[in-house]
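What follows is a set of notes on a single structure, which appears directly below.
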Number of protein chains: 2
Amino acid sequence: MHRVYNFAAGPATLPEDVLREAAAEMLDYQGTGMSVMEMSHRSKPFEKIIGEAEQDLRDLIGIPEEYAVLFLQGGAWTQFAMAPMNLMHKGKADFVVTGSWAKHASKEAGKYGTVRVVASSEDKNFTYIPKLSRDMFDQDADYAYICGNNTIFGTQYHFVPDTGGLDLVADLSSCILSEPLDISKYALVFAGAQKNVGPAGVTLVIARKDLITDQVFKGTPTMLTYKTHLDGKSLFNTPPCYAIYICGKVFKHLKATGGLAAMQQRNQEKAALLYDTLDASALYKGTAQKDSRSLMNVTFVLNDPELDAAFLKGADAAGLSGLKGHRSVGGMRASIYNAMPKAGVQALVDYMRAFEQQEAKA
Amino acid sequence: MHRVYNFAAGPATLPEDVLREAAAEMLDYQGTGMSVMEMSHRSKPFEKIIGEAEQDLRDLIGIPEEYAVLFLQGGAWTQFAMAPMNLMHKGKADFVVTGSWAKHASKEAGKYGTVRVVASSEDKNFTYIPKLSRDMFDQDADYAYICGNNTIFGTQYHFVPDTGGLDLVADLSSCILSEPLDISKYALVFAGAQKNVGPAGVTLVIARKDLITDQVFKGTPTMLTYKTHLDGKSLFNTPPCYAIYICGKVFKHLKATGGLAAMQQRNQEKAALLYDTLDASALYKGTAQKDSRSLMNVTFVLNDPELDAAFLKGADAAGLSGLKGHRSVGGMRASIYNAMPKAGVQALVDYMRAFEQQEAKA
């Protein structure tokens, strides 16, 4: 069996143990005589799978009873509409725009009310997270919105903004579970699973239950009403069962390997390996400002873009996959989510140094 | 390895070959060094997977270029809103209500316009498909709506209604691919995959391209606009990649085993085995009217409901799973989708006869 180190931004690498278990259980899940893909979502075995997934996620993050945990569909893009449709009662929201996803979210929210951009880092191609203070937020708005980690631009919040008590909504698609999360500082967070959690096709939503009501924007579909899924315990209709099952395995894997504090330490070590390599190099240059660097997506360019193709070709040959940067930034992006082992980052760093030495000689 | 015959209504049994292939490819898809779950949706291997899935579906059904094929999320419930949000330009639709799902769909559509119930079989607990004629439809409506197969009540259309040219929208979740489909008679059909196609979490939409425009209900989310997904070729955002991959395998399996005409013949044989058993029995009674019987979901009751528990317990012990009927009908339901082998139906029929004989002696 051939396995590469997969640095793709998402869908992304998963723990090998999880994949091995899934393969072994594919035709017969724990003596049920069927695959989880074939299992009624109303059956006892599946109720156990989704129940344990929720509980394990609650244990990992420390999510109290006052917050709902929902397994939904449609990815972050669906949440860009669903959050304002459900939460914009006064018709005003404050957005911090730190990249393409926050910008898309702000435009989508604009369909349901007035969006004010509190701060933006677009002036420098989203290379930093703006300084924020509580006086910047309109206390009369429905909520403030941030995107916690900016996959494309390699930046990340290393603080939770002080909104002065204004409810905070956050897209944590690419950083959830990578470090401890104080959920009490948020009103609602969501995350497409396909980066740090599991396969594409399931979206986690964690939200304060008191925010989830019948009061929604006119014409909100039943499926885009949070209350539907809170009341239905994520089983209102058929959920993406198999994807939830894999997420559940990832949660158990994270618990067994030390939880979010251990994950944070490993992620810091992995990121340091890469950022130190960039900072010590004459060939590579990190694109994000140092205080805003992401632990999940390390973006960098080569000082000679004509070397990009050779760099990527050599990487591929060395079993290092998915390093091409997003077209809006160019260069390279190494996504080093939880499931990327330190050995993978070490292999990348070794390759980068060897490539640089070889080019210096050429 | 233990496998049961799984008669669940959905998620439902899948071809064993498909599961075996998926298990074998779990850690390394065709030498890529990664699982399809870990693969970027923008990668060449995944573009090939989704491209082939679409082409194989087009080949199976015979879908011409004028129709779009979309792989979406959110199940039929999302389509209950998405279809009217995109198609109800004049604000009127004609619904035929033949069961719970059509009724839910009609209520959801009522958020976006005026819904007229053209015919309903609710008077007899949805045990039949009403007779329909073209003069029943309002030619000034945006579209007519049917649910092709009624999973809960075990009824199915054995004709395509003549709407007099009015666009026809159909929920084919539980009958798509079970028999040949003349797509030219429909404007738009949709199907949650988890019955006859693949795992839960992907929804097929096949729609005439000229109907897909920017003209949508005010406040329609980007994700619920068909044009988003037509323009994005089902890759506007991260799709449910793994579920699409499994659907693709099912399509290839269907092509290799004779296509939809062969499937129809097998399904008719399977259903006949069961219905003949019901009709010859003093203990069992089919709940659907004969001319409306479903080939996919065979619903029946025992003449003494006190025997239900013993029937189900014995079935379970015989490796016949998922036979309990929906609570709104009671009794039993045997879902015999494409992937249920004839041997499974034979085993069920054998069990039913043995159970009846045993009870007759008791």
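Sequence lines set the chain letters: A, B, ... in the order given, protein chains first and strands last, and positions in each chain run from 1.
- Contact annotation for B:P84: neither backbone nor side-chain heavy atoms come within less than 4.5 Å of a heavy atom of chain A.
- Between the side chain of B:D142 and the backbone N or O of B:K92 there is at least one donor-acceptor pair closer than 3.5 Å.
- At a 4.5 Å heavy-atom cutoff, the contact between B:M39 and chain A is made by backbone atoms alone.
- For the set A:G10, A:P11, A:G201, the entry with the most heavy-atom pairs within less than 4.5 Å of chain B is A:P11.
- Smallest separation of non-hydrogen atoms from A:M223 and B:G74: CE-O, 3.4 Å.
- A distance-only check finds no donor-acceptor pair linking the side chain of A:K195 to the backbone of A:A12 [under 3.5 Å].
- Using a 4.5 Å cut-off between heavy atoms, B:L72 does not touch chain A at all.
- Proximity to chain A (any heavy atom under 4.5 Å) is shown, for B:A243, by neither the backbone nor the side chain.
- If you tally non-hydrogen atom pairs under 4.5 Å between each of B:A22, B:A23, B:P199 and chain A, the highest count goes to B:A23.
- Side chain of B:Y351 to backbone of B:A315: a donor-acceptor contact under 3.5 angstrom is found.
- Under the ring-ring contact (aromatic ring centres under 6.0 Å, His included) rule, B:H104 has a single partner from B:F80, B:W77, B:Y145, which is B:W77.
- Proximity to chain A (any heavy atom under 4.5 Å) is shown, for B:M82, by neither the backbone nor the side chain.
- With A:N6 contributing its side chain and B:E38 its backbone, the two residues share a donor-acceptor pair below 3.5 Å.
- Of the two parts of B:E16, the backbone and the side chain both hold a non-hydrogen atom closer than 4.5 Å to a non-hydrogen atom of chain A.
- A donor-acceptor pair under 3.5 Å is absent between the side-chain atoms of B:T13 and the main chain of B:M340, judged by distance alone.
- In this structure, no portion of A:T228 lies under 4.5 Å from any heavy atom of chain B.
- A donor-acceptor distance shorter than 3.5 angstrom exists from the side chain of B:N338 to the backbone of B:L177, with no hydrogens or angles considered.
- In this structure, chain A has heavy atoms under 4.5 Å from both the backbone and the side chain of B:R20.
- Note on A:R3, A:M26, A:M37: by heavy-atom pairs under 4.5 Å with chain B, the leading option is A:R3.
- Chain B forms the most heavy-atom pairs under 4.5 Å with one residue out of A:F217, A:Y112, A:Y242, and that residue is A:Y112.
- Looking only at atom types and distance, the side chain of A:N149 has a donor-acceptor partner in the side chain of A:S174 under 3.5 Å away.
- Looking at B:F46, neither its backbone nor its side chain comes within 4.5 Å of chain A, counting heavy atoms on both sides.
- Using a 4.5 Å cut-off between heavy atoms, B:I244 makes no contact with chain A at all.
- Residue with the most contacts toward chain A among B:L27, B:L14, B:V4: B:L27 (heavy-atom pairs, distance under 4.5 Å).
- Checked by atom type and distance alone, the side chain of A:D28 never pairs as donor or acceptor with a backbone atom of B:M1 at under 3.5 Å.
- For B:T222 and A:E108, the side-chain atoms include at least one donor-acceptor pair closer than 3.5 Å.
- Only the side chain of A:F236 comes within contact range of chain B, with at least one heavy atom under 4.5 Å from a heavy atom of that chain.
- With a 4.5 angstrom heavy-atom cutoff, B:S43 does not touch chain A via any of its atoms.
- Ranked by heavy-atom pairs shorter than 4.5 Å toward chain A, the options B:G322, B:P240, B:A24 are led by B:P240.
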